[in-house]
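Input: a single structure, listed below in structure tokens.
Note: hydrogens, waters and symmetry copies are ignored here, and every other heavy atom, side chains too, is used. The residues of the chain are indexed from 1 along the displayed sequence.
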Amino acid sequence: MTILETFEPVGEHDRRLALTARGALGEFNRAGVLTAADVHIARTLARVTREQDEAAVLAAALASRAVRSGSVAVDLSTLAPESGELADLPWPHAEDWTGRVEASKLASQGAVVVDHGLVYLQRYHHQEVQVVDDLRARAALGPLPVDERVLAAGLERVFPGDGYAEQRAAAEVLARSRTAVLTGGPGTGKTTTVAGVLALLAEQAAAAGDRPLRVGLAAPTGKAAARVKAAVSDALSGILGRTPDPAVRAVVEPLADVEAMTLHRLLGWRPDSRTRFRHDRSNRLSHDVVLVDEASMVSLTQMARLLEALRPGARLILVGDADQLVSVDAGAVLADLVAGAEHAGGGGPLLALARLRTVHRFGETIGALAEALRVGDAEGVVAALSAGSGEVEWVTDEDPTAYLRPLVTRHARAVLEAARRGEADRATEALGRHRLLCAHREGPQGVRTWNRLTETWLGEETGLTFYDPMYVGRPLLVTANDYANGVLNGDTGVVVASQTPDGTPVRMAVIEGPSGVQRFAPGRLGEVETMHAMTIHKAQGSQAREVTVLLPAADSPLLTRELFYTAVTRAQDKVRVVAAEEVVRAAVRRRVVRASGLRRRLAGAGGAAAGPGRMDDDGTTAPPPTDPESED
């Protein structure tokens, strides 16, 4: 049974209410199951196709809702609750509901697609099928050539001895593959492995007499891109230290200059579209290797666009932790790729899979907590939290405000004092020492509440006022890509005191991003928020020396094992969990469930063509209708 998240209207003019909706759509909207956008999409599709079956139209609205909730389709047989207020809604009979949709005009004209027992809006079915078709097309080209002597020598030099055995084996799999996934938890050496793979592939290109390797290094967010760039550069330094041959060094050294960028920037952002990019089947990427880090955050739409933009001869390496939170947009692509590949056995025919298991970064207790979360061992999680280790602290107070006040105030004050002295490096370093992570933006355990509390406490201790929102010492989180300034969603920074050449006091916003530290007049920045606290989703792809995790109430739909695991694994040295035991156990029990047929297609259970109304490569649809939410 699917747990349906509903919304509570804030008034009769709540924009989520469709005031003119009648029948089942109106009832489901007023109950908070469907938003006005879902109703609009369903009614538009019904009008264009002349669909009269209310059950089919309701299914289209629920398919729209599924996408909004992160799924790419909806399983109608799992929706109707057996009890509670939602059980009284006019649910169609589950036994024949999907069949009615399959026989509807909506399906026959391609507005929705029924496949594998799931109901899709047409565009998402097309994308799912396209991903598998493109992977099959790449696999059909066969393996890329490898100079065995050069590879063997490179593996021994880059990954010497027993300490690198696991990474050496994974690197060999990746170096031999046209399409590959490297997965593993934080601290297992994924970045070290892929840096070594890039060095091996650069040597392969040189041995074959090819041009220097062209590498596309990307991640879903600016912060993740900055991290992978720094980590790869650091790993390459170690590799060069083990490379005495000047000729080989000359081949590997240019890799340190590869720029990391967001996936949107790699594909070529277009101001006129949120789902199409400059690079596609008619304008392929020029890279020989494309490496995407933090691939668990990549949505189905992004993966479809990436695969269609690759040259057939290019290698694709996806790197990420399949147990982390999935994309905020529709799809759980990395988890599906890993599960489908494991089901097919070692990657199967479509892609190669390598998994790293040995943790090198965490201390013993954080590692035990992370592993217990990964496998869903509630007793192990409770034991790790209760161990009394200096690495893990468990706060079970019903009201943790008094406990957390001195902690968060101390960290905020360290940032403030460095910023007031104009010491930008110390201010950003202090900001990276601690992260207060929340599941929600609103509510007593939400980001807004804790940002406000921290500023209140900081003001009481220091006399700081907040009449000017860009006050010195304000920690910043960039919340939207700003290509004009070169700052990206997820970048972080601090407002610091500075001065002009003639000594006039000014303030500067110091932002850390993929291209390093940049300084701006605060007024030049657009979409930024205060970051005394941040959501766990926003923290994905980043790390801090110490992390405090505020888990939501047990009945929160956001409380999942993946959320808890992602939060814990942001910590390098210490993690503090604020939650009652029943909340912790509820988090371990509950998994992120996203309806998708991708896993079954990858495992060999499908992959049929998209059927009537399948979109062509240029995004057009024949015959009509098109998806009303296609570009906005």
Side-chain angles (χ1 to χ4, degrees), residues 131-148 150-152 154-155 158-159 167-183 190-219 228-229 232 235-236 239 251-252 254-255 258-261 263 266-267 279 281 284-295 298 302-320 333-334 337-338 341 346-356 602:
V131 165
V132 178
D133 286 350
D134 283 343
L135 288 172
R136 282 179 171 163
R138 290 176 59 81
L141 297 173
L144 289 162
V146 170
D147 186 316
E148 297 291 347
V150 172
L151 178 60
L155 285 167
V158 173
F159 302 102
Q167 291 155 310
R168 183 168 60 246
E172 182 171 5
V173 171
L174 270 56
R176 294 182 180 278
S177 305
R178 189 182 300 269
T179 309
V181 172
L182 175 65
T183 190
K190 296 189 297 293
T191 308
T192 301
T193 302
V194 295
V197 170
L198 294 179
L200 295 174
L201 294 178
E203 292 179 48
Q204 289 287 319
D210 296 336
R211 63 175 182 270
L213 197 69
R214 293 178 295 188
V215 177
L217 186 60
V228 70
K229 168 63 177 176
V232 166
L236 286 171
I239 291 169
V251 170
V252 175
L255 294 173
V258 173
E259 181 185 1
M261 61 188 73
L263 192 54
L266 175 76
L267 292 173
H279 291 289
R281 295 193 197 281
R284 306 273 190 170
L285 292 165
S286 63
H287 304 91
D288 304 303
V289 180
V290 172
L291 192 155
V292 180
D293 195 33
E294 296 291 349
V298 176
Q302 289 175 321
M303 185 60 67
R305 300 296 176 252
L306 174 61
L307 286 169
E308 71 183 14
L310 291 173
R311 292 186 301 108
R315 297 177 190 265
L316 174 63
I317 302 173
L318 302 173
V319 184
V333 180
L334 184 70
L337 288 175
V338 170
L350 300 188
L351 59 90
L353 175 66
R355 184 186 286 274
L356 298 174
L602 291 166

With V158 via side chain to side chain contact (heavy atoms under 4.5 Å, CB included) - residues at least two apart: L200, I239
Determine whether a donor-acceptor pair (N or O, by modelled atom type, separation under 3.5 Å) exists between the side chain of R178 and the backbone of A314. no
Shortest non-hydrogen contact between H279 and A309, atoms and distance: O-CB, 3.7 Å
Side chain to side chain donor-acceptor pair (under 3.5 Å) with E172: which residues, sequence neighbours excluded? R176
In terms of heavy-atom contacts, R311 and L285 come closest through CG-O, 3.2 Å
Sorted by chain and number, sequence neighbours left out, side chain to side chain donor-acceptor pair (under 3.5 Å) with R138 holds for T179
Distance (rounded to the nearest 0.5 Å) between D293 CG and L318 CG: 10.0 Å
Tell me, please, which residues at least two apart from R355 pass side chain to side chain donor-acceptor pair (under 3.5 Å). E342
Any side-chain heavy-atom pair from L356 and Q167 closer than 4.5 angstrom? yes
Per the side-chain contact (heavy atoms from CB on, under 4.5 Å) rule, which among V181, L351, V333 passes with V338? V181
Between CG on residue L353 and OG1 on residue T183, distance to nearest 0.5 Å: 7.0 Å
Keeping K229 on the side-chain end and A218 on the backbone end, is there a donor-acceptor pair under 3.5 Å? no
Here the side-chain hydrogen bond (donor to acceptor under 3.5 Å, both in side chains) pairs for residues 191-210, sequence neighbours left out, are R157-E203
For the residue pair L267 and L306, what are the closest heavy atoms and their distance? CD2-CA, 3.9 Å
Just one of L174, V215, L213 clears the side-chain contact (heavy atoms from CB on, under 4.5 Å) bar with L201, so which one? L213
For D134, check salt bridge (charged side-chain N to carboxylate O under 4.0 Å, His left out) against everything at least two apart and list the hits. R281
Kindly indicate whether the side chain of E259, heavy atoms from C-beta on, has any atom under 4.5 Å from the side chain of L217. no
List the atom of R284, the atom of L310, and the distance in Å for their closest heavy-atom pair. NH1-O, 2.8 Å
From the options L135, V290, L291, V289, select the one residue that forms a side-chain contact (heavy atoms from CB on, under 4.5 Å) with L316. V290
Should R315 and D288 be marked as a side-chain contact (heavy atoms from CB on, under 4.5 Å) after you check the CA-CA gap, both sets of side-chain angles, and the distance that decides it? CA-CA 6 Å; R315 297 177 190 265; D288 304 303; over 6 Å; no
dist L334:CG -> E294:CD (nearest 0.5 Å) comes out at 10.0 Å
Please report the shortest heavy-atom distance between A295 and V292, naming the atom on each side. CB-O, 4.1 Å
Exercise: identify the closest heavy-atom pair between L155 and A171: CD2-CB, 4.1 Å
Judged by atom type as modelled, is there a donor-acceptor pair below 3.5 Å linking the side chain of S177 to the main-chain atoms of A352? no
Contact between L198 and V194 at the side-chain level, heavy atoms closer than 4.5 Å - yes or no? no
